[in-house]
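Beneath this line is the structure, given in C-alpha coordinates, with notes to follow.
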Number of protein chains: 2
Amino acid sequence: MYLNSLNQSNFMSYENKDFYAPQDKMYVATDCIIFGFEDGRLKLLVFKRRVEPLMGEWSLIGSFVKLNEDVDEAAQRVLEEITGLKNIFMEQLKSYGAANRDPGYRCVSIGQYALIRINDYDKELVEKHGAHWYDIDDLPDLVLDHNQMVIDALEKLKLKARYQPLGFELLPEKFTIPQLQQLYEAIYQKQLDARNFRKKALSNKVLIKLEEKDKTSSRRGAFLYKFDDKTYQRLIQSGYNFEIS
Amino acid sequence: MYLNSLNQSNFMSYENKDFYAPQDKMYVATDCIIFGFEDGRLKLLVFKRRVEPLMGEWSLIGSFVKLNEDVDEAAQRVLEEITGLKNIFMEQLKSYGAANRDPGYRCVSIGQYALIRINDYDKELVEKHGAHWYDIDDLPDLVLDHNQMVIDALEKLKLKARYQPLGFELLPEKFTIPQLQQLYEAIYQKQLDARNFRKKALSNKVLIKLEEKDKTSSRRGAFLYKFDDKTYQRLIQSGYNFEIS
DNA sequence: GATAATAAATGTAATTTATACATTAATTTT
DNA sequence: AAAATTAATGTATAAATTACATTTATTATC
(Lines give C-alpha, C1' and ligand atoms only; values in the text may rest on other atoms or scores of the structure.)
Protein backbone atom coordinates (compact mmCIF):
# COMPACT_ATOMS: atom_id res chain seq x y z
CA MET A 1 0.00 0.00 0.00
CA TYR A 2 0.99 3.58 -0.44
CA LEU A 3 3.64 2.98 -3.05
CA ASN A 4 5.35 5.47 -5.29
CA SER A 5 4.51 3.44 -8.32
CA LEU A 6 0.87 3.72 -7.46
CA ASN A 7 1.01 7.45 -7.11
CA GLN A 8 2.66 7.56 -10.47
CA SER A 9 -0.07 5.55 -12.14
CA ASN A 10 -2.69 7.69 -10.44
CA PHE A 11 -1.08 10.69 -11.97
CA MET A 12 -1.02 9.08 -15.39
CA SER A 13 -4.66 8.19 -15.33
CA TYR A 14 -5.38 11.78 -14.49
CA GLU A 15 -3.35 12.95 -17.49
CA ASN A 16 -5.02 10.54 -19.81
CA LYS A 17 -8.37 12.03 -19.03
CA ASP A 18 -7.27 15.53 -19.96
CA PHE A 19 -8.52 16.89 -16.71
CA TYR A 20 -8.33 20.63 -16.53
CA ALA A 21 -6.16 21.84 -13.69
CA PRO A 22 -6.87 25.42 -12.66
CA GLN A 23 -3.60 26.07 -10.88
CA ASP A 24 -4.08 29.80 -11.10
CA LYS A 25 -6.25 29.85 -8.03
CA MET A 26 -5.84 28.83 -4.43
CA TYR A 27 -8.35 26.45 -2.88
CA VAL A 28 -8.80 25.42 0.70
CA ALA A 29 -10.28 22.04 1.44
CA THR A 30 -10.83 19.97 4.50
CA ASP A 31 -10.50 16.19 4.69
CA CYS A 32 -11.94 14.05 7.45
CA ILE A 33 -10.08 11.13 8.96
CA ILE A 34 -12.99 9.27 10.50
CA PHE A 35 -12.26 6.61 13.08
CA GLY A 36 -14.64 4.07 14.49
CA PHE A 37 -14.33 0.99 16.71
CA GLU A 38 -16.10 -2.32 16.24
CA ASP A 39 -15.44 -5.93 17.12
CA GLY A 40 -12.32 -4.99 18.97
CA ARG A 41 -10.82 -3.26 15.98
CA LEU A 42 -10.10 0.30 15.06
CA LYS A 43 -11.71 1.23 11.74
CA LEU A 44 -11.44 4.01 9.21
CA LEU A 45 -14.23 5.27 7.00
CA VAL A 46 -13.21 5.60 3.36
CA PHE A 47 -15.05 6.55 0.21
CA LYS A 48 -15.09 5.87 -3.48
CA ARG A 49 -14.09 9.12 -5.09
CA ARG A 50 -16.80 10.43 -7.38
CA VAL A 51 -14.98 13.05 -9.39
CA GLU A 52 -12.08 13.22 -11.75
CA PRO A 53 -9.24 13.00 -11.44
CA LEU A 54 -8.87 9.64 -9.72
CA MET A 55 -12.57 8.84 -9.87
CA GLY A 56 -13.35 5.46 -8.36
CA GLU A 57 -10.26 5.33 -6.14
CA TRP A 58 -10.54 5.09 -2.38
CA SER A 59 -10.31 8.41 -0.62
CA LEU A 60 -11.02 10.23 2.59
CA ILE A 61 -14.15 12.32 2.51
CA GLY A 62 -13.67 16.05 2.16
CA SER A 63 -14.90 19.25 0.64
CA PHE A 64 -13.73 22.60 -0.48
CA VAL A 65 -14.21 25.22 2.18
CA LYS A 66 -16.79 27.78 1.08
CA LEU A 67 -15.93 31.45 1.07
CA ASN A 68 -18.33 32.30 3.88
CA GLU A 69 -17.69 29.24 5.98
CA ASP A 70 -15.28 28.54 8.84
CA VAL A 71 -12.91 25.69 8.14
CA ASP A 72 -14.20 23.78 11.15
CA GLU A 73 -17.78 24.34 10.03
CA ALA A 74 -16.93 22.86 6.67
CA ALA A 75 -15.65 19.71 8.32
CA GLN A 76 -18.76 19.39 10.46
CA ARG A 77 -20.88 19.91 7.38
CA VAL A 78 -19.13 17.12 5.51
CA LEU A 79 -19.46 14.79 8.44
CA GLU A 80 -23.12 15.51 8.87
CA GLU A 81 -23.85 14.99 5.18
CA ILE A 82 -22.31 11.55 5.38
CA THR A 83 -23.34 10.22 8.75
CA GLY A 84 -26.36 12.33 9.56
CA LEU A 85 -24.78 13.06 12.92
CA LYS A 86 -24.14 16.43 14.52
CA ASN A 87 -21.74 17.26 17.31
CA ILE A 88 -19.30 14.55 16.54
CA PHE A 89 -15.91 14.81 18.18
CA MET A 90 -13.58 16.33 15.66
CA GLU A 91 -10.28 18.10 15.96
CA GLN A 92 -7.74 19.59 13.63
CA LEU A 93 -4.90 17.30 12.75
CA LYS A 94 -2.70 19.52 10.60
CA SER A 95 -2.74 21.16 7.23
CA TYR A 96 -1.36 19.63 4.09
CA GLY A 97 0.08 22.28 1.87
CA ALA A 98 2.59 20.85 -0.58
CA ALA A 99 2.28 22.80 -3.83
CA ASN A 100 1.89 19.64 -5.88
CA ARG A 101 -0.15 17.52 -3.50
CA ASP A 102 -3.22 17.57 -5.74
CA PRO A 103 -2.77 17.25 -9.51
CA GLY A 104 -6.16 18.85 -10.06
CA TYR A 105 -6.00 21.98 -7.98
CA ARG A 106 -3.62 24.13 -5.99
CA CYS A 107 -5.28 23.16 -2.82
CA VAL A 108 -4.29 23.32 0.80
CA SER A 109 -6.20 20.78 2.84
CA ILE A 110 -6.89 20.97 6.55
CA GLY A 111 -6.97 17.43 7.90
CA GLN A 112 -9.46 16.85 10.70
CA TYR A 113 -9.89 13.62 12.59
CA ALA A 114 -13.22 12.52 13.90
CA LEU A 115 -14.19 9.82 16.37
CA ILE A 116 -17.61 8.30 15.92
CA ARG A 117 -19.70 5.56 17.49
CA ILE A 118 -20.38 3.01 14.80
CA ASN A 119 -23.90 1.69 14.85
CA ASP A 120 -26.38 0.32 12.40
CA TYR A 121 -28.07 3.64 11.85
CA ASP A 122 -24.80 5.27 10.79
CA LYS A 123 -23.86 2.31 8.67
CA GLU A 124 -26.94 2.57 6.54
CA LEU A 125 -26.40 6.25 5.85
CA VAL A 126 -22.77 5.61 5.18
CA GLU A 127 -23.47 2.90 2.63
CA LYS A 128 -25.55 5.31 0.62
CA HIS A 129 -22.42 7.32 0.00
CA GLY A 130 -20.34 4.46 -1.33
CA ALA A 131 -18.37 4.34 1.85
CA HIS A 132 -16.70 1.47 3.65
CA TRP A 133 -15.34 0.86 7.14
CA TYR A 134 -11.84 -0.56 6.71
CA ASP A 135 -9.82 -2.16 9.40
CA ILE A 136 -7.09 0.28 10.31
CA ASP A 137 -4.30 -2.17 9.61
CA ASP A 138 -5.80 -3.36 6.36
CA LEU A 139 -6.34 -0.09 4.52
CA PRO A 140 -6.33 0.22 0.75
CA ASP A 141 -4.26 2.80 -1.07
CA LEU A 142 -5.93 6.16 -0.87
CA VAL A 143 -5.67 9.06 -3.31
CA LEU A 144 -3.20 11.94 -3.00
CA ASP A 145 -1.63 12.27 0.44
CA HIS A 146 -4.57 10.69 2.23
CA ASN A 147 -2.61 7.69 3.48
CA GLN A 148 -0.19 10.09 5.11
CA MET A 149 -3.10 11.87 6.73
CA VAL A 150 -4.24 8.60 8.24
CA ILE A 151 -0.75 7.81 9.51
CA ASP A 152 -0.51 11.25 11.11
CA ALA A 153 -3.98 11.00 12.61
CA LEU A 154 -3.24 7.62 14.15
CA GLU A 155 -0.05 8.95 15.62
CA LYS A 156 -1.91 11.86 17.14
CA LEU A 157 -4.68 9.63 18.44
CA LYS A 158 -2.07 7.44 20.13
CA LEU A 159 -0.50 10.44 21.81
CA LYS A 160 -3.69 12.16 22.88
CA ALA A 161 -5.73 9.17 23.98
CA ARG A 162 -3.47 8.72 26.98
CA TYR A 163 -4.14 12.09 28.56
CA GLN A 164 -7.58 12.95 27.24
CA PRO A 165 -10.67 10.76 27.42
CA LEU A 166 -10.96 10.50 23.66
CA GLY A 167 -11.60 6.80 23.73
CA PHE A 168 -15.12 7.18 25.03
CA GLU A 169 -16.09 8.96 21.82
CA LEU A 170 -15.55 5.69 20.01
CA LEU A 171 -17.46 3.42 22.37
CA PRO A 172 -21.19 3.16 22.86
CA GLU A 173 -22.48 5.11 25.82
CA LYS A 174 -22.46 1.98 27.93
CA PHE A 175 -19.39 -0.19 27.73
CA THR A 176 -17.53 -2.80 29.73
CA ILE A 177 -14.00 -2.54 31.07
CA PRO A 178 -12.80 -5.33 28.78
CA GLN A 179 -14.25 -3.39 25.81
CA LEU A 180 -12.45 -0.27 26.95
CA GLN A 181 -9.26 -2.24 27.23
CA GLN A 182 -9.68 -3.67 23.75
CA LEU A 183 -10.08 -0.17 22.43
CA TYR A 184 -6.89 1.05 24.04
CA GLU A 185 -5.08 -2.03 22.86
CA ALA A 186 -6.21 -1.20 19.33
CA ILE A 187 -5.09 2.40 19.63
CA TYR A 188 -1.73 1.69 21.25
CA GLN A 189 -1.26 -1.45 19.22
CA LYS A 190 -0.06 -3.44 22.16
CA GLN A 191 -1.44 -5.83 24.74
CA LEU A 192 -2.28 -4.51 28.18
CA ASP A 193 -2.52 -6.34 31.47
CA ALA A 194 -6.18 -6.68 32.47
CA ARG A 195 -5.64 -6.13 36.20
CA ASN A 196 -3.47 -3.10 35.80
CA PHE A 197 -5.67 -1.63 33.11
CA ARG A 198 -8.80 -1.93 35.22
CA LYS A 199 -7.03 -0.42 38.21
CA LYS A 200 -5.81 2.54 36.20
CA ALA A 201 -9.07 3.11 34.38
CA LEU A 202 -11.09 3.10 37.59
CA SER A 203 -8.56 5.18 39.53
CA ASN A 204 -9.62 8.25 37.58
CA LYS A 205 -13.07 8.14 39.23
CA VAL A 206 -14.81 9.12 36.01
CA LEU A 207 -16.39 5.76 35.26
CA ILE A 208 -19.82 5.09 36.68
CA LYS A 209 -20.59 1.44 37.29
CA LEU A 210 -24.11 0.44 36.24
CA GLU A 211 -26.24 -2.41 37.51
CA GLU A 212 -26.55 -3.96 34.05
CA LYS A 213 -24.27 -6.50 32.55
CA ASP A 214 -23.28 -7.09 28.98
CA LYS A 215 -23.45 -10.79 28.20
CA THR A 216 -22.60 -10.73 24.54
CA SER A 217 -19.09 -11.92 25.05
CA SER A 218 -19.10 -14.14 28.10
CA ARG A 219 -21.37 -16.38 30.09
CA ARG A 220 -20.66 -14.57 33.27
CA GLY A 221 -21.26 -11.17 31.72
CA ALA A 222 -19.34 -7.98 32.40
CA PHE A 223 -20.69 -4.94 34.18
CA LEU A 224 -21.44 -1.92 32.05
CA TYR A 225 -19.99 1.48 32.85
CA LYS A 226 -20.49 4.94 31.52
CA PHE A 227 -18.16 7.89 31.31
CA ASP A 228 -19.01 10.67 33.75
CA ASP A 229 -18.26 13.80 31.81
CA LYS A 230 -19.45 16.17 34.53
CA THR A 231 -17.03 14.75 37.04
CA TYR A 232 -14.30 14.74 34.45
CA GLN A 233 -14.85 18.43 33.70
CA ARG A 234 -14.80 19.21 37.40
CA LEU A 235 -11.61 17.27 37.94
CA ILE A 236 -9.65 18.89 35.15
CA GLN A 237 -10.95 22.30 36.22
CA SER A 238 -9.25 21.69 39.54
CA GLY A 239 -5.99 20.65 37.93
CA TYR A 240 -6.43 16.89 37.86
CA ASN A 241 -4.25 15.02 35.43
CA PHE A 242 -6.32 12.38 33.66
CA GLU A 243 -4.36 9.42 32.42
CA ILE A 244 -5.35 6.04 31.09
CA SER A 245 -2.86 3.24 30.59
CA MET B 1 5.82 42.00 3.76
CA TYR B 2 2.46 40.47 4.38
CA LEU B 3 1.04 41.77 1.13
CA ASN B 4 3.96 41.15 -1.21
CA SER B 5 2.18 38.50 -3.16
CA LEU B 6 -1.01 40.46 -3.75
CA ASN B 7 -1.85 42.03 -7.02
CA GLN B 8 -1.66 45.75 -7.22
CA SER B 9 -5.36 46.60 -7.44
CA ASN B 10 -6.13 44.70 -4.27
CA PHE B 11 -3.24 46.36 -2.58
CA MET B 12 -4.34 49.87 -3.47
CA SER B 13 -7.94 49.52 -2.48
CA TYR B 14 -6.92 47.80 0.72
CA GLU B 15 -4.50 50.54 1.55
CA ASN B 16 -6.87 53.46 1.67
CA LYS B 17 -9.20 53.86 4.57
CA ASP B 18 -12.50 52.53 3.28
CA PHE B 19 -10.74 49.53 1.86
CA TYR B 20 -12.38 47.05 -0.39
CA ALA B 21 -12.56 43.59 1.02
CA PRO B 22 -12.17 41.06 -1.78
CA GLN B 23 -14.11 38.29 -0.10
CA ASP B 24 -14.71 36.62 -3.45
CA LYS B 25 -11.39 34.87 -3.34
CA MET B 26 -9.72 32.49 -0.96
CA TYR B 27 -6.24 33.24 0.32
CA VAL B 28 -3.87 31.08 2.28
CA ALA B 29 -1.35 32.71 4.53
CA THR B 30 1.14 31.51 7.07
CA ASP B 31 2.00 33.31 10.29
CA CYS B 32 5.10 32.65 12.37
CA ILE B 33 5.07 32.50 16.15
CA ILE B 34 8.75 33.07 16.82
CA PHE B 35 10.11 32.25 20.25
CA GLY B 36 13.47 33.16 21.68
CA PHE B 37 15.15 32.97 25.10
CA GLU B 38 17.31 35.62 26.71
CA ASP B 39 18.20 36.69 30.24
CA GLY B 40 16.20 33.86 31.68
CA ARG B 41 13.03 34.90 29.89
CA LEU B 42 11.01 33.50 27.05
CA LYS B 43 10.51 36.06 24.30
CA LEU B 44 8.29 36.49 21.28
CA LEU B 45 9.23 38.35 18.12
CA VAL B 46 6.53 40.80 17.00
CA PHE B 47 6.34 43.32 14.21
CA LYS B 48 4.79 46.66 13.42
CA ARG B 49 2.25 46.00 10.73
CA ARG B 50 3.03 48.00 7.61
CA VAL B 51 -0.23 47.86 5.72
CA GLU B 52 -3.84 48.80 6.18
CA PRO B 53 -5.99 47.81 7.82
CA LEU B 54 -4.46 48.02 11.28
CA MET B 55 -1.26 49.59 10.03
CA GLY B 56 1.12 50.31 12.88
CA GLU B 57 -0.35 47.70 15.20
CA TRP B 58 1.74 44.88 16.57
CA SER B 59 1.45 41.65 14.65
CA LEU B 60 3.07 38.33 14.02
CA ILE B 61 5.06 38.13 10.85
CA GLY B 62 3.50 36.27 7.96
CA SER B 63 2.91 36.09 4.27
CA PHE B 64 0.46 34.85 1.74
CA VAL B 65 1.42 31.47 0.40
CA LYS B 66 2.34 31.68 -3.26
CA LEU B 67 0.60 29.49 -5.78
CA ASN B 68 3.70 27.47 -6.54
CA GLU B 69 5.02 27.24 -3.02
CA ASP B 70 4.56 24.69 -0.26
CA VAL B 71 3.01 26.12 2.89
CA ASP B 72 6.06 25.11 4.91
CA GLU B 73 8.36 26.68 2.35
CA ALA B 74 6.46 29.93 2.69
CA ALA B 75 7.04 29.95 6.42
CA GLN B 76 10.76 29.24 6.00
CA ARG B 77 10.94 32.03 3.43
CA VAL B 78 9.35 34.54 5.79
CA LEU B 79 11.65 33.54 8.60
CA GLU B 80 14.72 33.79 6.44
CA GLU B 81 13.74 37.21 5.13
CA ILE B 82 13.47 38.47 8.68
CA THR B 83 16.30 36.77 10.51
CA GLY B 84 18.63 35.84 7.70
CA LEU B 85 18.70 32.32 9.12
CA LYS B 86 18.01 29.07 7.34
CA ASN B 87 17.09 25.73 8.86
CA ILE B 88 15.43 27.13 11.90
CA PHE B 89 13.31 24.76 13.91
CA MET B 90 9.74 25.31 12.85
CA GLU B 91 6.64 23.21 13.11
CA GLN B 92 2.99 23.57 12.26
CA LEU B 93 0.84 24.73 15.11
CA LYS B 94 -2.62 24.65 13.57
CA SER B 95 -4.65 26.46 10.99
CA TYR B 96 -6.87 29.42 11.68
CA GLY B 97 -9.87 29.35 9.43
CA ALA B 98 -12.74 31.40 10.83
CA ALA B 99 -14.55 33.03 7.92
CA ASN B 100 -14.33 36.47 9.50
CA ARG B 101 -10.92 36.29 11.08
CA ASP B 102 -9.45 38.90 8.76
CA PRO B 103 -11.56 41.93 7.86
CA GLY B 104 -9.54 42.45 4.70
CA TYR B 105 -9.53 39.03 3.07
CA ARG B 106 -11.08 35.62 3.25
CA CYS B 107 -7.88 34.11 4.41
CA VAL B 108 -6.99 30.87 6.12
CA SER B 109 -3.74 31.13 7.99
CA ILE B 110 -1.46 28.27 8.90
CA GLY B 111 0.25 29.10 12.19
CA GLN B 112 3.80 27.86 12.54
CA TYR B 113 5.93 28.21 15.61
CA ALA B 114 9.66 28.68 15.38
CA LEU B 115 12.39 28.42 18.02
CA ILE B 116 15.44 30.53 17.43
CA ARG B 117 18.68 31.35 19.22
CA ILE B 118 18.67 35.02 19.91
CA ASN B 119 22.01 36.67 19.33
CA ASP B 120 23.31 40.04 18.32
CA TYR B 121 23.55 39.13 14.68
CA ASP B 122 19.87 38.24 14.50
CA LYS B 123 18.86 41.26 16.49
CA GLU B 124 20.37 43.66 14.02
CA LEU B 125 18.55 42.09 11.11
CA VAL B 126 15.37 42.00 13.09
CA GLU B 127 15.51 45.68 13.95
CA LYS B 128 15.65 46.55 10.30
CA HIS B 129 12.16 45.10 9.97
CA GLY B 130 10.60 47.13 12.76
CA ALA B 131 10.47 44.12 14.99
CA HIS B 132 10.75 43.76 18.73
CA TRP B 133 11.43 40.93 21.15
CA TYR B 134 8.72 41.06 23.78
CA ASP B 135 8.76 39.24 27.05
CA ILE B 136 6.22 36.46 26.76
CA ASP B 137 4.25 37.56 29.78
CA ASP B 138 4.28 41.19 28.79
CA LEU B 139 2.93 41.03 25.25
CA PRO B 140 1.04 43.86 23.61
CA ASP B 141 -2.27 43.33 21.85
CA LEU B 142 -1.70 41.84 18.44
CA VAL B 143 -3.86 42.18 15.35
CA LEU B 144 -6.58 39.71 14.32
CA ASP B 145 -6.34 36.36 16.07
CA HIS B 146 -2.61 36.59 16.61
CA ASN B 147 -2.82 36.65 20.41
CA GLN B 148 -4.74 33.39 20.23
CA MET B 149 -2.02 31.95 18.04
CA VAL B 150 0.56 32.83 20.68
CA ILE B 151 -1.53 31.28 23.43
CA ASP B 152 -1.93 28.10 21.41
CA ALA B 153 1.74 27.99 20.53
CA LEU B 154 2.80 28.39 24.15
CA GLU B 155 0.45 25.63 25.17
CA LYS B 156 1.92 23.36 22.54
CA LEU B 157 5.47 24.27 23.50
CA LYS B 158 4.70 23.42 27.11
CA LEU B 159 3.34 20.03 26.12
CA LYS B 160 6.04 19.11 23.63
CA ALA B 161 9.09 20.42 25.48
CA ARG B 162 8.75 17.68 28.04
CA TYR B 163 9.11 14.77 25.65
CA GLN B 164 11.12 16.27 22.82
CA PRO B 165 14.41 18.13 23.16
CA LEU B 166 12.94 21.36 21.79
CA GLY B 167 14.55 23.50 24.44
CA PHE B 168 18.00 23.20 22.94
CA GLU B 169 16.80 25.06 19.85
CA LEU B 170 16.38 28.12 22.04
CA LEU B 171 19.73 27.98 23.82
CA PRO B 172 23.17 28.74 22.44
CA GLU B 173 25.09 25.68 21.40
CA LYS B 174 26.95 25.68 24.70
CA PHE B 175 24.90 26.21 27.80
CA THR B 176 25.02 25.51 31.51
CA ILE B 177 22.64 23.36 33.50
CA PRO B 178 21.33 26.38 35.41
CA GLN B 179 20.59 28.08 32.09
CA LEU B 180 18.76 24.99 30.88
CA GLN B 181 16.77 24.98 34.08
CA GLN B 182 15.88 28.65 33.71
CA LEU B 183 14.61 27.90 30.23
CA TYR B 184 12.36 25.09 31.40
CA GLU B 185 11.15 27.23 34.26
CA ALA B 186 10.20 29.89 31.73
CA ILE B 187 8.39 27.38 29.52
CA TYR B 188 6.55 25.57 32.32
CA GLN B 189 6.06 28.77 34.26
CA LYS B 190 7.01 27.22 37.52
CA GLN B 191 10.07 26.84 39.70
CA LEU B 192 12.01 23.60 39.57
CA ASP B 193 14.30 22.04 42.16
CA ALA B 194 17.92 22.39 41.06
CA ARG B 195 19.06 18.98 42.30
CA ASN B 196 16.18 17.10 40.79
CA PHE B 197 16.37 19.02 37.54
CA ARG B 198 20.05 18.32 37.08
CA LYS B 199 19.55 14.65 37.87
CA LYS B 200 16.75 14.34 35.34
CA ALA B 201 18.48 16.35 32.63
CA LEU B 202 21.68 14.33 32.89
CA SER B 203 19.88 11.00 33.18
CA ASN B 204 18.98 11.14 29.50
CA LYS B 205 22.67 10.82 28.58
CA VAL B 206 22.36 13.31 25.75
CA LEU B 207 24.28 16.17 27.36
CA ILE B 208 28.01 16.33 26.80
CA LYS B 209 29.96 18.04 29.55
CA LEU B 210 32.68 20.33 28.25
CA GLU B 211 35.87 21.42 29.98
CA GLU B 212 34.94 25.10 29.75
CA LYS B 213 33.04 27.07 32.29
CA ASP B 214 30.68 29.99 31.88
CA LYS B 215 31.52 32.65 34.43
CA THR B 216 29.03 35.31 33.41
CA SER B 217 26.69 34.60 36.23
CA SER B 218 28.76 33.38 39.13
CA ARG B 219 32.21 33.62 40.59
CA ARG B 220 32.60 29.90 40.68
CA GLY B 221 31.42 29.48 37.12
CA ALA B 222 29.24 26.68 35.76
CA PHE B 223 30.35 23.97 33.39
CA LEU B 224 29.13 24.24 29.83
CA TYR B 225 27.34 21.38 28.12
CA LYS B 226 26.16 20.69 24.65
CA PHE B 227 23.30 18.62 23.34
CA ASP B 228 24.38 15.39 21.67
CA ASP B 229 21.96 15.05 18.80
CA LYS B 230 23.60 11.91 17.39
CA THR B 231 23.15 10.04 20.63
CA TYR B 232 19.64 11.37 20.94
CA GLN B 233 18.73 10.10 17.48
CA ARG B 234 20.25 6.72 18.29
CA LEU B 235 18.34 6.49 21.55
CA ILE B 236 14.94 7.31 20.12
CA GLN B 237 15.61 4.93 17.22
CA SER B 238 15.90 2.19 19.79
CA GLY B 239 12.70 3.17 21.53
CA TYR B 240 14.07 5.37 24.27
CA ASN B 241 11.61 7.75 25.87
CA PHE B 242 13.26 11.14 26.30
CA GLU B 243 11.86 13.22 29.12
CA ILE B 244 12.98 16.36 30.84
CA SER B 245 11.48 17.63 34.06
C1' DG C 1 -29.16 -31.06 38.01
C1' DA C 2 -24.21 -31.85 37.84
C1' DT C 3 -20.29 -30.73 35.11
C1' DA C 4 -17.62 -28.21 31.79
C1' DA C 5 -16.47 -24.19 29.71
C1' DT C 6 -15.54 -19.32 29.51
C1' DA C 7 -14.46 -14.69 30.32
C1' DA C 8 -14.72 -11.33 34.43
C1' DA C 9 -12.98 -9.86 38.52
C1' DT C 10 -9.68 -9.34 42.06
C1' DG C 11 -4.67 -8.37 45.36
C1' DT C 12 0.03 -8.12 46.49
C1' DA C 13 4.91 -7.85 46.46
C1' DA C 14 8.87 -5.96 43.97
C1' DT C 15 10.71 -2.37 41.25
C1' DT C 16 11.08 2.04 39.51
C1' DT C 17 10.38 6.81 39.58
C1' DA C 18 9.42 11.24 41.77
C1' DT C 19 9.84 14.28 45.53
C1' DA C 20 11.59 16.92 49.34
C1' DC C 21 15.29 18.87 51.36
C1' DA C 22 20.61 21.26 53.28
C1' DT C 23 25.50 21.38 52.86
C1' DT C 24 29.94 21.92 50.74
C1' DA C 25 32.83 23.63 46.77
C1' DA C 26 34.96 26.86 43.65
C1' DT C 27 35.95 31.28 42.56
C1' DT C 28 36.15 36.43 42.64
C1' DT C 29 35.93 40.76 45.03
C1' DT C 30 36.98 43.53 48.79
C1' DA D 1 42.30 36.65 54.55
C1' DA D 2 37.51 37.07 54.60
C1' DA D 3 33.16 37.69 52.47
C1' DA D 4 30.13 36.91 48.98
C1' DT D 5 27.94 34.19 45.51
C1' DT D 6 26.26 30.65 42.60
C1' DA D 7 27.36 25.57 41.33
C1' DA D 8 27.32 21.08 42.56
C1' DT D 9 26.07 17.07 45.07
C1' DG D 10 23.14 12.68 48.01
C1' DT D 11 19.68 10.42 50.54
C1' DA D 12 15.53 8.97 52.60
C1' DT D 13 10.48 8.85 51.77
C1' DA D 14 6.51 8.55 49.08
C1' DA D 15 4.16 7.40 44.97
C1' DA D 16 3.50 4.98 40.80
C1' DT D 17 4.27 1.13 37.82
C1' DT D 18 4.92 -3.51 36.83
C1' DA D 19 4.55 -8.49 36.98
C1' DC D 20 1.94 -12.15 37.97
C1' DA D 21 -2.27 -16.52 39.35
C1' DT D 22 -6.63 -17.65 41.34
C1' DT D 23 -11.46 -17.42 42.16
C1' DT D 24 -16.20 -16.13 40.57
C1' DA D 25 -20.46 -15.90 37.95
C1' DT D 26 -22.91 -17.65 34.48
C1' DT D 27 -24.47 -20.53 30.50
C1' DA D 28 -24.39 -24.65 27.76
C1' DT D 29 -24.13 -29.44 27.65
C1' DC D 30 -24.44 -33.96 29.14
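Order of the sequence lines fixes the chain letters, A, B, ..., with proteins taken first and strands second; residue numbering starts at 1 for each chain. We use all heavy atoms of the structure for the numbers below, so side chains are in, but hydrogens, waters and symmetry mates are not.
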Check the surroundings of atom NZ in A:K200: do more than 12 heavy atoms from other residues, nucleotides or ligands lie under 6.0 Å from it?
yes
Rounded to the Å, how far apart are B:Q191 CD and C:dA20 P?
14 Å
Can you tell me how far P of C:dA8 sits from NZ of A:K209, to the nearest Å?
13 Å
Nearest-Å distance for atom pair CG/P, residues A:N204 and D:dA16
12 Å
Starting at atom NZ of B:K200, determine the distance to atom P of C:dA20, rounded to an integer number of angstrom.
14 Å
May I have the distance from A:I177 (atom CD1) to C:dT10 (atom C1'), rounded to whole angstrom?
13 Å
Under 4.0 Å, counting only non-hydrogen atoms across every strand here, what does A:T176 touch: a base, just sugar-phosphate, or nothing?
nothing
Classify the side-chain pair A:T176/A:D214 by whether it contains a donor and acceptor separated by less than 3.5 Å.
no
Please round to the nearest 0.5 Å and tell me the distance separating atom CD of B:E212 and atom CZ of B:F223.
10.5 Å
Any B:R198 side-chain N or O less than 4.0 Å from OP1/OP2 of D:dA7:
no
Could you check which of C:dC21, D:dA19, C:dA8 has an atom nearest any side-chain atom of B:N196?
C:dC21
What's the closest nucleotide to the B:K199 side chain, out of D:dC20, D:dT9, D:dT11?
D:dT11
Under 4.0 Å protein heavy-atom contact, by nucleotide of nucleotides 22-30 of chain C - B base, S sugar-phosphate only:
B--BBBBS-
Would you indicate whether the side-chain heavy atoms of B:I136 and B:V150 approach each other to under 4.5 Å?
yes
